Amino acid sequence: MSNRLPEWMARDLSLPRLRRYIRAAHGDARAAERLYWWNVEASAALVGPLHCLELALRNALHSALVRHHGRPDWWEAAPLNERSRRLVDSASRSCGRRLRRTTPDDVVAELTLGFWVSLLSSGYDRHFWVPVLHSAFPHYGGRRDDLYRDLTSLVLLRNRVMHHEPVHHRHLAADHGTLYRVLGHLSPEFAKEAQAMDRFPDVLTDRVAVLGGTRPPRF
């Protein structure tokens with residue numbers, strides 16, 4: 001049997017994209033093919049938990065800021081930096097192009113996970129974390145920078161999953177644990193419900209069998 005990728009795969013998925021899998025499989029095209037499909041399966045299994053985390057984080061931060069500023073469009077009163085202000089303006093314009101009337105809830109839904117996580121960065125420590133955003137994590141008693149580091153890593157994971165990029169090289173078991181740890185800081189009840197539908201542990205367990213013993217490198 002020839003150790004080559006199927007012709008359609010090289011054509012439809014492109015060799016530049018597949019070369020990353022071939023390198024990870026040490027030149028074994030058949031193993032690279034299995035690795036590609038496992039990456040698809042792993043990414044699909046992570047969508048649900050990431051969905052839960054993103055919604056919980058967005059709603060917790062938004063609710064805390066609404067209470068603090070006393071208005072649903074809290075960004076009009078909050079001391080956002082220039083980059084954050086541009087992101088809010090861009091979200092508002094995007095809503096305006098699609099909707100006849102834009103509400104604060106529309107803008108909140110349009111803002112990216114990266115925007116929400118950026119509100120926990122060191123530059124916002126005095127304006128956001130200390131006076132208000134620590135309250136969005138009622139089950140967390142640690143440092144802001146540790147939480148921010150975990151969330152930044154999860155943003156990178158989320159973006160790779162949603163843009164169909166490789167995730168096989170990441171320490172996915174650790175990513176999965178971090179995701180539920182952060183979700184538990186926000187809402188243990190939500191974390192429990194999310195875990196009940198989560199099939200990622202089974203996908204991770206099946207990796208060696210699916211890949212025929214090929215273990216992707218960890219960076």
Side-chain angles (χ1 to χ4, degrees), residues 46-165 167 170 174-175 177-191 194:
L46 286 166
V47 168
L50 287 168
H51 164 101
C52 295
L53 175 66
E54 184 164 354
L55 289 182
L57 180 70
R58 173 207 299 172
N59 291 329
L61 297 184
H62 174 61
S63 295
L65 288 163
V66 168
R67 289 193 301 270
H68 184 71
H69 291 284
R71 53 190 297 177
D73 58 346
W74 54 266
W75 48 85
E76 297 296 343
L80 293 174
N81 61 28
E82 184 177 350
R83 180 178 180 278
S84 297
R85 178 64 59 189
R86 286 199 304 268
L87 291 173
V88 170
D89 290 343
S90 176
S92 297
R93 288 194 300 271
S94 179
C95 290
R97 287 191 293 269
R98 300 193 324 270
L99 306 170
R100 299 179 67 178
R101 178 177 176 273
T102 299
T103 69
D105 284 343
D106 296 323
V107 177
V108 168
E110 189 73 19
L111 288 165
T112 65
L113 177 60
F115 168 83
W116 296 106
V117 172
S118 74
L119 299 182
L120 304 174
S121 64
S122 59
Y124 281 138
D125 189 75
R126 183 166 60 91
H127 294 298
F128 284 129
W129 177 256
V130 173
V132 57
L133 289 187
H134 69 277
S135 67
F137 300 88
H139 305 278
Y140 181 66
R143 294 162 52 93
R144 177 205 55 77
D145 54 348
D146 291 335
L147 182 62
Y148 177 69
R149 182 174 60 250
D150 284 345
L151 280 164
T152 299
S153 178
L154 292 172
V155 169
L156 294 175
L157 173 65
R158 182 262 183 210
N159 289 345
R160 295 194 74 81
V161 165
M162 297 305 177
H163 290 95
H164 319 305
E165 295 294 326
V167 296
R170 292 180 62 101
D175 286 332
T178 299
L179 194 160
Y180 278 102
R181 185 170 64 253
V182 175
L183 185 55
H185 298 329
L186 292 160
S187 171
E189 299 87 354
F190 198 2

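FYI, side chains are in, hydrogens and waters are out, and symmetry mates aren't considered; it's all heavy atoms of this structure. For clarity, every value in this text was computed on a predicted model and none was experimentally measured.
When every heavy atom of Leu183 is checked against every heavy atom of Ala191, the shortest pair comes out as CD2-CA, 3.6 Å. Closest approach of Pro72 and His62 over heavy atoms only: O-CE1, 3.4 Å. Taking both residues in full, the closest heavy atoms of Ala64 and Val132 are given as O-CG2, 3.3 Å, listed atom of the first, atom of the second, then distance. Closest non-hydrogen pair, Cys52 versus Ala194, comes out as SG-CB, 3.9 Å.
In this structure the side chain of Leu111 never reaches within 4.5 angstrom of the side chain of Arg58, judged on heavy atoms. Within the 4.5 Å cutoff, side-chain heavy atoms of Tyr140 are placed close to those of Asp146. The shortest side-chain heavy-atom distance between Ser122 and Arg144 falls under the 4.5 Å cut-off. Proximity of Leu186 to Leu53: side-chain heavy atoms (C-beta onward) are separated by under 4.5 Å at one or more points. The side-chain heavy atoms of Val182 and Leu57, taken from C-beta on, include no pair separated by under 4.5 Å.
Remark: Arg71 does not engage Glu76 in a salt bridge, criterion side-chain N to carboxylate O under 4.0 Å.
For the pair Ser94 (side chain) and Ser90 (backbone), a donor-acceptor distance under 3.5 Å is absent. Using a distance-only test at 3.5 Å, with no hydrogens or angles considered, a donor-acceptor pair links the side chain of His134 to the main chain of Val130. At distances below 3.5 Å, at least one donor-acceptor pair connects side-chain atoms of His163 with backbone N or O atoms of Asn159.
The ring pair (Phe, Tyr, Trp, His ring centres under 6.0 Å) check on Tyr148 picks up nothing, with sequence neighbours excluded. Take Leu119 and apply the side-chain contact (heavy atoms from CB on, under 4.5 Å) test, not counting sequence neighbours, and it matches Leu65, Trp74, Leu80, Phe115, Trp116, Tyr124, Phe128, Leu133.
Here the CG atom belonging to Leu120 is positioned 10.0 Å from the CG atom belonging to Asp125, to the nearest 0.5 angstrom. Remark: Asn81 CG to His127 NE2 distance equals 9.5 Å, nearest 0.5 Å. Rounding to the nearest 0.5 angstrom, the gap separating the CZ atom in Arg67 from the OG atom in Ser135 is 5.5 Å. Going from atom CG of Leu151 over to atom CG of Leu156 covers 11.0 Å, rounded to the nearest 0.5 Å.
Annotation: Phe137 is not in aromatic contact with His185 [ring centroid separation under 6.0 Å not met].
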Just do the side-chain contact (heavy atoms from CB on, under 4.5 Å) check on Leu154 and Thr178 with the steps written out, would you? CA-CA 8 Å; Leu154 292 172; Thr178 299; 3.9 Å; yes

Worked check of side-chain contact (heavy atoms from CB on, under 4.5 Å) between Leu46 and Arg158: CA-CA 8 Å; Leu46 286 166; Arg158 182 262 183 210; over 6 Å; no

Using the rule given for side-chain contact (heavy atoms from CB on, under 4.5 Å), can you reason through Asp106 versus Arg98, listing the C-alpha separation, both sets of side-chain angles and the distance that settles it, and then say yes or no? CA-CA 10 Å; Asp106 296 323; Arg98 300 193 324 270; 5.9 Å; no

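Between the side chains of Arg149 and Ser153, not a single donor N or O lies within less than 3.5 Å of an accepting N or O.
Within the structure, the salt bridge (Lys or Arg N to Asp or Glu O under 4.0 Å) test picks out the following pairs touching residues 83-95 (sequence neighbours left out): Glu82-Arg86.
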